Amino acid sequence: MKIGRVTNTNVNPVNYKNNNTETSFQEVIDKKANVLNSKKINKMISDITESGKKLANKRTIINLLNYKKKVKELLDTALQSGLELNKRGGRTRILKIVENVDKKLIEITDNVLNEEDNKLKILKLVGEIEGMLIDIYA
């Protein structure tokens with residue numbers, strides 16, 4: 001039995017050359033890590049907001065320490081991902097924000113320890129800190 005020659009002019013050859021639109025494995029991993037990091041940061045900021053509200057409502061040492069701990073964790077995360085932050089705004093800007101956050105935390109600590117009954121002042125300071133923390137990632 002003879003097999004006839006099949007000719008089909010409608011078939012296009014497949015080009016196996018590397019395209020510029022292909023993404024490498026590392027790029028896919030980096031994108032997933034950025035998404036996870038973003039979710040983690042958003043969770044940390046919402047925890048800080050909640051902790052700040054608790055501190056403003058009930059000015060106790062425990063609430064103060066909780067708030068400061070959560071802010072420190074977020075700042076540590078920001079400084080650990082310094083390579084990405086350098087691309088967007090510079091390390092000097094980040095360090096300046098961290099310095100300002102430290103000053104505001106000292107003010108909050110002084111207000112809580114002096115037992116000033118000024119809830120609005122603490123809320124204002126908490127809001128300023130949250131703004132600076134968000135500015136780090138903006």
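All of these numbers come straight from a predicted model, not from anything done at the bench. Below, all heavy atoms of this structure are taken into account, side chains as well, without hydrogens, waters or symmetry copies.
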Inset, instruction - Could you pull out all residues at least two apart from Lys103 that satisfy side-chain contact (heavy atoms from CB on, under 4.5 Å)? - result: Glu99, Asn100

Legend entry - Pairwise distance NZ(Lys70) to CD(Glu50) - rounded to 0.5 angstrom: 8.0 Å

Legend entry - Partner residues of Asp47 under the side chain to side chain donor-acceptor pair (under 3.5 Å) criterion, sequence neighbours left out: Lys43

Inset, instruction - Under the side-chain contact (heavy atoms from CB on, under 4.5 Å) rule, what do Asn66 and Lys54 come out as? Steps first, then yes or no, please. - result: CA-CA 10 Å; Asn66 256 346; Lys54 285 182 183 177; over 6 Å; no

Inset, instruction - Hey, could you give me the CZ/CD1 distance between Arg59 and Ile108, rounded to the nearest 0.5 Å? - result: 12.0 Å

Legend entry - Contacts of type side chain to side chain donor-acceptor pair (under 3.5 Å), residue Lys104, not counting sequence neighbours: Glu128

Inset, instruction - Give a yes or no on whether Ile48 and Ile134 share a hydrophobic cluster (residues Ile, Leu, Val, Met, Phe, Trp, Tyr; joining criterion: side-chain heavy atoms under 4.5 Å apart). - result: yes

Legend entry - Nearest heavy-atom neighbours spanning Tyr67 and Leu105: CE2-CD2, 3.8 Å

Legend entry - Straight-line distance of Leu133 CG to Ile45 CD1, nearest 0.5 Å: 6.5 Å

Legend entry - Gap separating the CD1 atom of Ile97 from the CG atom of Asp135, nearest 0.5 angstrom: 4.0 Å

Legend entry - Between CG on residue Leu125 and CG on residue Leu55, distance to nearest 0.5 Å: 10.0 Å

Inset, instruction - Please identify each residue that fulfils side-chain contact (heavy atoms from CB on, under 4.5 Å) with Ser38, with sequence neighbours left out. - result: Asn42

Legend entry - Set of residues satisfying salt bridge (Lys or Arg N to Asp or Glu O under 4.0 Å) with respect to Lys72, sequence neighbours excluded: Asp76

Legend entry - Rounded distance (nearest 0.5 Å) linking atom CD of Glu130 with atom OG1 of Thr49: 3.5 Å

Inset, instruction - Kindly check if the number of other-residue, nucleotide or ligand heavy atoms within 6.0 Å of CD1 (Ile61) is above 12? - result: yes

Inset, instruction - Sequence neighbours left out, what passes side chain to side chain donor-acceptor pair (under 3.5 Å) with Lys68? Give chain and number order. - result: Thr109

Legend entry - Results of side-chain contact (heavy atoms from CB on, under 4.5 Å) for Asn57 - residues two or more places apart only: Lys119

Inset, instruction - Go through the structure and list residues passing side chain to side chain donor-acceptor pair (under 3.5 Å) with Lys58, not counting sequence neighbours. - result: none

Inset, instruction - Flag yes if Val71 and Leu123 sit in one hydrophobic cluster, no otherwise; membership is Ile, Leu, Val, Met, Phe, Trp, Tyr, and two members link when side-chain heavy atoms are under 4.5 Å apart. - result: no

Legend entry - Considering all heavy atoms, the nearest Asn63-Ser51 contact: O-OG, 4.3 Å

